[in-house]
Each structure stands twice: as C-alpha cells, then as structure tokens.
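Let me begin by presenting the structure, written as structure tokens, before commenting on it.
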Amino acid sequence: MNFPYGRVAFFVTSNIHKFQEAKRVLAEYDIAAAMIKMSALEIQDDSLENIAKASVLDAVKKCNLPVIVEDAGLFIKVLNGFPGPYSSYVNRTLGVEGILKLMRDVEDRSAYFLSVVAFSNPDGKEIKFFHGKVEGRIAYEARGESGFGFDPVFIPVEGDGRTFAEMSTEEKNRFSHRARALRKFAEWYKKLG
Ligand code: ITT
C-alpha cells in the first residue's frame, strides 16, 4: 500500500467514544485516525469475529477505502458470558441498571471485555483481525461519568478499584480491550510496505 500523506487509519464507527479512545492509541504510533461516522452492518452472531467481518466487508463496499471496524463485548462469568456479542443491544435495552439487577446479591462478579479490530483493503479479499482483552469485575453500583456503555460498572483488575467511567481516556487506554487490540493493529499497520 502507498501512504502519500503519512499513515492514516480510517475507522468506521457510529460511536464517537470508541473513536476518541482509538485516536489517542494510534497517535502513539504516529498513525492519524479519521472517523467515518457510519453504522456498518451489524449481524447478530455468537462470535465477535464474525460480526466484525460482516461489518468490515460492508464498510469497504460503502467507502471504497482501507478501513478498520471494531466490535466489542462485555462477558460476565456467572451469566455464562452474557451479554457478550449482544452487548450493544443489551446496553440499549437493559442498560447499566439492568446489568446491576441481574448481578444483585451475586458474589462472583468476574467479567471481561473483549475487542476485535478488523482491517480490510477496499477489495475485501484479505481481512486481518486483532484481539484485545481486559479482565475485571462488575461493581455493586454505577460510578463515574466518563466513557460510555458499561464503563460505570466495570472495574479492571489491573487498576486501583476505580471503574472505567472514573478514569480519563488515557487511563482507560492503559488497560482497555480496545487499546490492546488497536496496539496490535498499529504494530502491524506501521510495518506495511
Ligand atoms: P459501532 O458503530 O462501532 O458498532 P457500537 O457502540 O454499536 O459502535 P459495538 O457494536 O462494538 O459498538 O457494541 C459494543 C457494546 O458493548 C457497546 O455499545 C457498549 O455497550 C459495550 N462496550 C464495548 N466496549 C466498551 C467499553 O470500552 N466500555 C463500555 N462499554 C463497552
């Protein structure tokens, strides 16, 4: 691939919070990020990778650019991984309060976030996937104002007890599933010819 204007990653997403997190991570690698604000096709499937694959193929068809998309989910152990790949829908329907209700009086609060970043060239012939994970636990009550989605109830194990929503973007990026997947993408993207 030719990069006449320096390295740029086109991130197709409808979620500005995701983009703001991604922009900072990619900047660590001197990669400029451009947001293409669009809802790429989102299929319902048990696998984040299948969802990301359908999205990235839809996105390149519509944009005719090399793009990345990202699909993520919150997997709660005692709920057998729910909401997982259905996190976006569950966030819209049950929300943070719904998750807290499901988890009322539950002692084992282990959970993790998983992220899959998918990259495709405009021809859609070869898709690359990058994964990131962060282990944590579900808080007993919602705390914090920053971030989005389930951030107010997710406490990363590597942190100091604060939820993601109580952290700045930089702090969240130190641990987050998305930042980890994007760093793997950035390492690879930097090395492209
Ligand atoms: P796209 O347009 O990029 O698809 P989206 O918000 O629909 O944006 P996803 O399909 O990946 O994104 O949905 C994942 C859902 O999981 C998201 O709406 C949140 O509710 C939750 N989620 C994912 N990552 C999260 C994070 O870092 N913090 C909090 N919640 C997160």
Side-chain angles (χ1 to χ4, degrees), residues 9-25 33-60 62-63 67-76 79 81-100 102 111-120 129-139 142-156 158-159 162-183 185:
F10 297 97
F11 188 3
V12 173
T13 179
S14 61
N15 185 330
I16 184 74
H17 302 282
K18 277 188 178 185
F19 176 72
Q20 276 160 355
E21 292 176 14
K23 188 171 75 171
R24 284 164 201 254
V25 173
M35 176 176 182
I36 300 181
K37 193 167 188 302
M38 191 179 95
S39 293
L41 173 75
E42 198 153 326
I43 60 165
Q44 294 288 19
D45 194 277
D46 287 352
S47 142
L48 289 183
E49 214 168 270
N50 287 345
I51 300 170
K53 182 177 174 186
S55 289
V56 84
L57 285 175
D58 183 52
V60 291
K62 288 175 178 157
C63 306
V67 303
I68 51 171
V69 302
E70 190 245 8
D71 207 76
L74 174 67
F75 296 74
I76 302 176
L79 303 180
F82 181 84
Y86 305 98
S87 294
S88 185
Y89 177 72
V90 169
N91 184 45
R92 285 197 307 274
T93 51
L94 302 180
V96 160
E97 289 309 319
I99 292 293
L100 285 174
L102 286 173
Y112 61 86
F113 269 120
L114 206 60
S115 160
V116 177
V117 169
F119 170 89
S120 175
F129 296 100
F130 306 87
H131 299 81
K133 185 177 184 180
V134 55
E135 298 277 358
R137 62 178 202 277
I138 303 299
R143 296 197 312 261
E145 303 293 327
S146 27
F148 69 101
F150 300 114
D151 279 344
V153 289
F154 187 82
I155 304 169
E158 297 150 271
R162 282 177 298 156
T163 66
F164 269 164
E166 294 178 298
M167 297 181 187
S168 65
T169 304
E170 283 84 354
E171 285 174 311
K172 180 178 172 185
N173 277 347
R174 242 184 264 152
F175 314 111
S176 91
H177 51 312
R178 178 164 306 103
R180 285 175 174 158
L182 283 164
R183 284 193 186 102
F185 160 74

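Indexing begins at 1, ligand by ligand and atom by atom, following the structure's order. For the numbers below, each heavy atom of this structure counts, side chains included, while hydrogens, waters and symmetry mates do not.
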Closest approach of Ile68 to Ala9 (non-hydrogen atoms, all atoms of both residues): CD1-CB, 4.5 Å

For ligand 1, give me the residues whose heavy-atom distance to it is below 4.0 Å, by chain and number please. Thr13, Ser14, Asn15, Lys18, Glu42, Glu70, Asp71, Ala72, Ser87, Ser88, Asn91, Phe113, Phe148, Gly149, Phe150, Asp151, Lys172, His177, Arg178

Result for side-chain contact (heavy atoms from CB on, under 4.5 Å) between Ile99 and one of Ser87, Pro83, Pro152 points to Pro83

Before you tell me yes or no, could you show the steps for Phe75 and Leu48 under side chain to side chain contact (heavy atoms under 4.5 Å, CB included), namely the whole-Å CA-CA distance, both residues' side-chain angles and the distance that decides it to 0.1 Å? CA-CA 11 Å; Phe75 296 74; Leu48 289 183; 4.2 Å; yes

Qualifying salt bridge (Lys or Arg N to Asp or Glu O under 4.0 Å) pairs with a residue from residues 14-23, counting only residues at least two apart or across chains: Lys18-Glu70, Glu21-Lys172, Glu21-Arg178

Salt-bridge present (Arg180, Glu158; N to O < 4.0 Å): yes

Measure up the Phe148 and His17 rings against each other and bin them: parallel (under 30°), tilted (30 to 60°), perpendicular (over 60°). parallel

